[in-house]
Amino acid sequence: MATMRVMVIHGPNLNLLGTREPEIYGSKTLAEIDAMIQDEALALGMEVRCAQSNSEGEIVNLIHEAANWAHALIINPAGYTHTSIAIYDAIRAVRMPAVEVHLSNIGARAEEFRHRSVILPACVGVIAGFQAGSYLLALRALKYLRDEGHI
Ligand code: DQA
């Protein structure tokens, strides 16, 4: 089987990880998280590219471009999780399996608006609440689905 290629997309404000509300999101920087993702991908025999954008249209473009290279997507849409029909449409349009990821457990957050994801119906599933570990679990989830022949 060909090496599984995965595009990881981080949404708005995640470039500030490390200093942004560390009690909620953890104290690792995005560069540290990306390095952990690369290490895990290597261990799992997968190839990964990571990108971050603060703009909705650019995230849509990243999803379109990923379709030329990747077998699957991991996306933390951040604040756009709760609002973006454009990102939902983009994931559906490229017909790629996607895992939605959150550092925090959005279902347990104080703000009710965080409890609902408009992106999730376009995804295979969601992993939330394990801080940076959520991304590593998402890689394992995709490998499982691939090994089982589901994607
Ligand atoms: C987040 C949760 C979102 O509600 C929030 O807007 C973020 C980060 C998370 O990873 O926990 O920016 O996606």
Side-chain angles (χ1 to χ4, degrees), residues 4-44 46-67 70-145 151:
M4 189 177 197
R5 296 187 296 269
V6 178
M7 182 74 205
V8 178
I9 300 174
H10 308 285
N13 300 305
L14 297 176
N15 54 312
L16 300 181
L17 287 175
T19 55
R20 176 192 179 202
E21 301 186 272
E23 64 287 359
I24 295 174
Y25 300 118
S27 54
K28 290 189 167 54
T29 65
L30 190 61
E32 288 168 341
I33 292 173
D34 282 346
M36 289 170 64
I37 292 169
Q38 289 295 350
D39 286 350
E40 185 77 356
L42 194 66
L44 295 173
M46 301 162 94
E47 210 182 313
V48 167
R49 292 180 187 168
C50 299
Q52 188 275 332
S53 174
N54 290 322
S55 103
E56 187 176 22
E58 200 176 315
I59 292 169
V60 168
N61 287 335
L62 284 168
I63 293 166
H64 294 176
E65 287 158 19
H71 297 108
L73 282 175
I74 292 174
I75 182 163
N76 182 347
Y80 289 131
T81 303
H82 317 292
T83 63
S84 180
I85 305 303
I87 293 173
Y88 165 88
D89 282 343
I91 295 169
R92 288 187 61 102
V94 298
R95 296 178 182 278
M96 257 198 296
V99 178
E100 182 177 316
V101 156
H102 300 284
L103 297 145
S104 65
N105 176 359
I106 55 173
R109 297 283 300 272
E111 303 101 328
E112 202 148 314
F113 64 80
R114 294 193 200 277
H115 298 176
R116 177 161 180 259
S117 166
V118 301
I119 310 290
L120 188 50
C123 297
V124 180
V126 58
I127 298 171
F130 302 94
Q131 297 194 354
S134 295
Y135 290 97
L136 311 184
L137 292 167
L139 282 175
R140 285 180 179 259
L142 285 171
K143 182 174 161 41
Y144 174 80
L145 290 177
I151 58 175

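When a ligand or atom number is given, it counts from 1 through the structure's own listing order.
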Does ligand 1 have an atom under 4.0 Å from some heavy atom of N13? no
Between A78 and G11, the two heavy atoms sitting closest are CB-C, 4.0 Å
For a 4.5 angstrom cut-off between non-hydrogen side-chain atoms, does K143 reach M46? yes
Does H115 come within less than 4.0 Å of ligand 1, judged by its heavy atoms? no
Looking at N54 and P12, what are the two nearest heavy atoms and their distance? OD1-CA, 3.2 Å
Is any side-chain heavy atom of H102 less than 4.5 Å from a side-chain heavy atom of R114? no
Is E111 near ligand 1, meaning one of its heavy atoms is under 4.0 Å from it? no
Are side-chain N/O atoms of Y135 and N76 paired as donor and acceptor at under 3.5 Å? yes
Work out whether the distance between some heavy atom of Y80 and some atom of ligand 1 is less than 4.0 Å. no
Shortest protein contact, atom 2 (C) of ligand 1 (heavy atom only): I106 CG2, 3.7 Å
For atom 1 (C) of ligand 1, what is the nearest protein heavy atom, given as residue, atom name and distance? H102 ND1, 3.7 Å
Have a look at A78, G11, S104 and point out the one with the heavy atom closest to atom 11 (O) of ligand 1. S104
So for atom CD, which belongs to E112, do other residues, nucleotides or ligands contribute more than 12 heavy atoms lying within a distance under 6.0 Å? no
Tell me: protein heavy atom nearest atom 9 (C) of ligand 1, and distance? L103 N, 3.4 Å
